[in-house]
Amino acid sequence: MSLVGKKFPNVTIDAMSEMGDDLRVNILEEATSNQQKVILFWYPKDFTFVCPTELHAFQDALGEFAKRNTKVIGASCDTNEVHFAWLNTAKDNGGIEGVTYPLLADTHRQLANILGIVDQDFEYNEDGEETFTGSNVTYRATYLIDETGKIFHESVNDMPLGRNVKEYLRLIDAYTHVQKHGEVCPANWEEGKDAMKADRTSTAEYLAKN
């Protein structure tokens, strides 16, 4: 079930800083208390394959997110200790050394289960005994949260599919344009391009020019 348009769950989760500090992070409070947007991206597991490429890609774009008053937070179901070990593993050895944004450690899957992004299924055999299937890690889910704590974008990739970080920057630009100007953003909109009023006349004029 989609959470777009709803408040992000008010849940506080353990997290790890790049300096090895144990943190407690509440995504809703990060957005509302600091009056900033938040991008929360989940990845399946530390010390894996596609995951470090994504974490470095978000790190490389950190300045662009900062320009947009957006905080970047990563998340998985690994422990803080595993996060810290990965943060201290060199990039050329598959590590994420150099990543400076916090990483949630949702080891109990409390938030991930609320969001419904864990690869897990529970079934019952003929004796009524519960059996578990699935990897029990999260898909590549991404949430954009505005300054009021409202989710304005969510997406979920299957585990082999890495994300395009530039698309999230575009979505933040589009949403910010809507907030500032009250216009709507057409397909493939980018900063500097024409937007539209939410009426038939404006749509017709836009289509006539494009």
Side-chain angles (χ1 to χ4, degrees), residues 1-3 6-34 38-59 62 65 70-91 93-123 129-145 149 151 154-163 165 168:
M1 182 176 66
S2 176
L3 296 177
K6 298 179 175 67
K7 292 281 188 181
F8 195 86
N10 186 10
V11 178
T12 302
I13 300 294
D14 289 337
M16 171 60 61
S17 77
E18 83 279 9
M19 299 301 293
D21 298 319
D22 291 326
L23 308 173
R24 296 280 288 167
V25 174
N26 183 306
I27 300 297
L28 181 64
E29 290 179 0
E30 287 289 335
T32 57
S33 297
N34 298 315
V38 175
I39 178 166
L40 172 66
F41 73 96
W42 294 80
Y43 60 92
K45 203 172 183 180
D46 293 0
F47 290 100
T48 51
F49 317 112
V50 176
C51 297
T53 69
E54 291 193 310
L55 271 75
H56 285 296
F58 278 105
Q59 178 66 34
L62 211 56
F65 285 108
T70 301
K71 182 164 186 174
V72 176
I73 299 177
S76 78
C77 298
D78 295 281
T79 66
N80 270 351
E81 291 77 15
V82 175
H83 282 339
F84 189 57
W86 204 25
L87 284 162
N88 282 280
T89 301
K91 182 178 180 180
N93 196 30
I96 57 167
E97 188 176 35
V99 165
T100 60
Y101 48 83
L103 300 177
L104 298 189
D106 189 16
T107 54
H108 296 293
R109 291 155 179 78
Q110 180 184 7
L111 180 55
N113 277 320
I114 291 172
L115 297 171
I117 57 173
V118 182
D119 174 30
Q120 58 181 207
D121 285 301
F122 296 94
E123 300 174 352
E129 298 170 330
E130 189 176 65
T131 60
F132 170 82
T133 59
S135 64
N136 207 30
V137 299
T138 66
Y139 294 104
R140 299 186 192 281
T142 312
Y143 298 87
L144 296 179
I145 300 106
I151 298 169
E154 65 177 343
S155 59
V156 182
N157 289 8
D158 200 357
M159 294 174 196
L161 305 176
R163 282 162 280 215
V165 174
Y168 301 111

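Any value given below was found using the heavy atoms of this structure, including those in side chains, with hydrogens, waters and symmetry copies removed.
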Check the pair K45, V82 against side chain to side chain contact (heavy atoms under 4.5 Å, CB included), reporting the backbone distance first and the verdict last. CA-CA 10 Å; K45 203 172 183 180; V82 175; over 6 Å; no

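Side-chain atoms of E154 come within 3.5 Å of backbone atoms of L3 as a donor-acceptor pair (strictly under, hydrogens ignored). Judged by distance alone, the side chain of N93 and the main-chain N or O of T89 form no donor-acceptor pair under 3.5 Å. Checking side-chain atoms of T138 against main-chain N and O of Y43 turns up a donor-acceptor pair under 3.5 Å. Of the possible donor and acceptor atoms, none in the side chain of E18 sits under 3.5 Å from a partner among the backbone N and O of L87. Under a 3.5 Å cut-off, the side chain of H83 and the backbone N or O of L104 do form a donor-acceptor pair.
To the nearest 0.5 angstrom, C77 atom SG is 8.0 Å from N113 atom CG. Here I117 contributes atom CD1 and R109 contributes atom CZ; the two are 11.0 Å apart, rounded to the nearest 0.5 Å. To the nearest 0.5 angstrom, F8 atom CZ is 8.5 Å from I114 atom CD1. The OG1 atom of T142 sits 4.0 Å away from atom CZ of R163, with the distance rounded to the nearest 0.5 Å. Here the CD1 atom belonging to I145 is positioned 8.0 Å from the CD1 atom belonging to I73, to the nearest 0.5 angstrom. Considering CG of D78 and CE of M16, their distance stands at 11.5 Å, rounded to 0.5 Å.
The two residues A15 and V25 have their closest heavy-atom pair at CB-CG2, 3.7 Å. Across every non-hydrogen atom of P9 and L111, the tightest pair is CB-CD1, 4.0 Å. The two residues T12 and Q110 come nearest to each other via the heavy atoms O-OE1, 4.5 Å. L103 approaches L55 most closely through the heavy-atom pair CD2-CD2, 4.0 Å. Summarising the geometry of G162 relative to N157, their closest heavy-atom pair is O-ND2, 3.8 Å, with the distance given to 0.1 Å. Of all heavy-atom pairs spanning T32 and G149, the tightest one is CG2-N, 3.7 Å.
Among residue pairs with one or both ends in residues 93-102, none qualify as salt bridge (charged side-chain N to carboxylate O under 4.0 Å, His left out); sequence neighbours excluded.
By the 4.5 Å heavy-atom criterion applied to side chains, T70 and Y168 are not counted as neighbours. The shortest distance between side-chain heavy atoms of Q59 and T100 falls below 4.5 Å. Looking only at side-chain heavy atoms (C-beta outward), T48 and M159 stay at 4.5 Å or farther from each other. Between P52 and I96, the closest side-chain pair of non-hydrogen atoms falls below 4.5 Å. Put simply, the side chain of R24 reaches to within 4.5 Å of the side chain of D14, judged on heavy atoms.
Ring geometry for F58 against Y101 counts as perpendicular: the plane angle is over 60°, on a 0 to 90° scale with 30° as the lower cut. Using the six-membered ring where Trp is involved, W86 and F47 have ring planes that are tilted, between 30° and 60° apart.
A donor-acceptor pair shorter than 3.5 Å can be found between the side chains of N80 and D22.
We find that R140 and D158 are not joined by a salt bridge, their nearest charged nitrogen and carboxylate oxygen being 4.0 Å or further apart.
With a 6.0 Å radius and a threshold of 12 heavy atoms from other residues, nucleotides or ligands, F49 has its CZ atom at or below the threshold.
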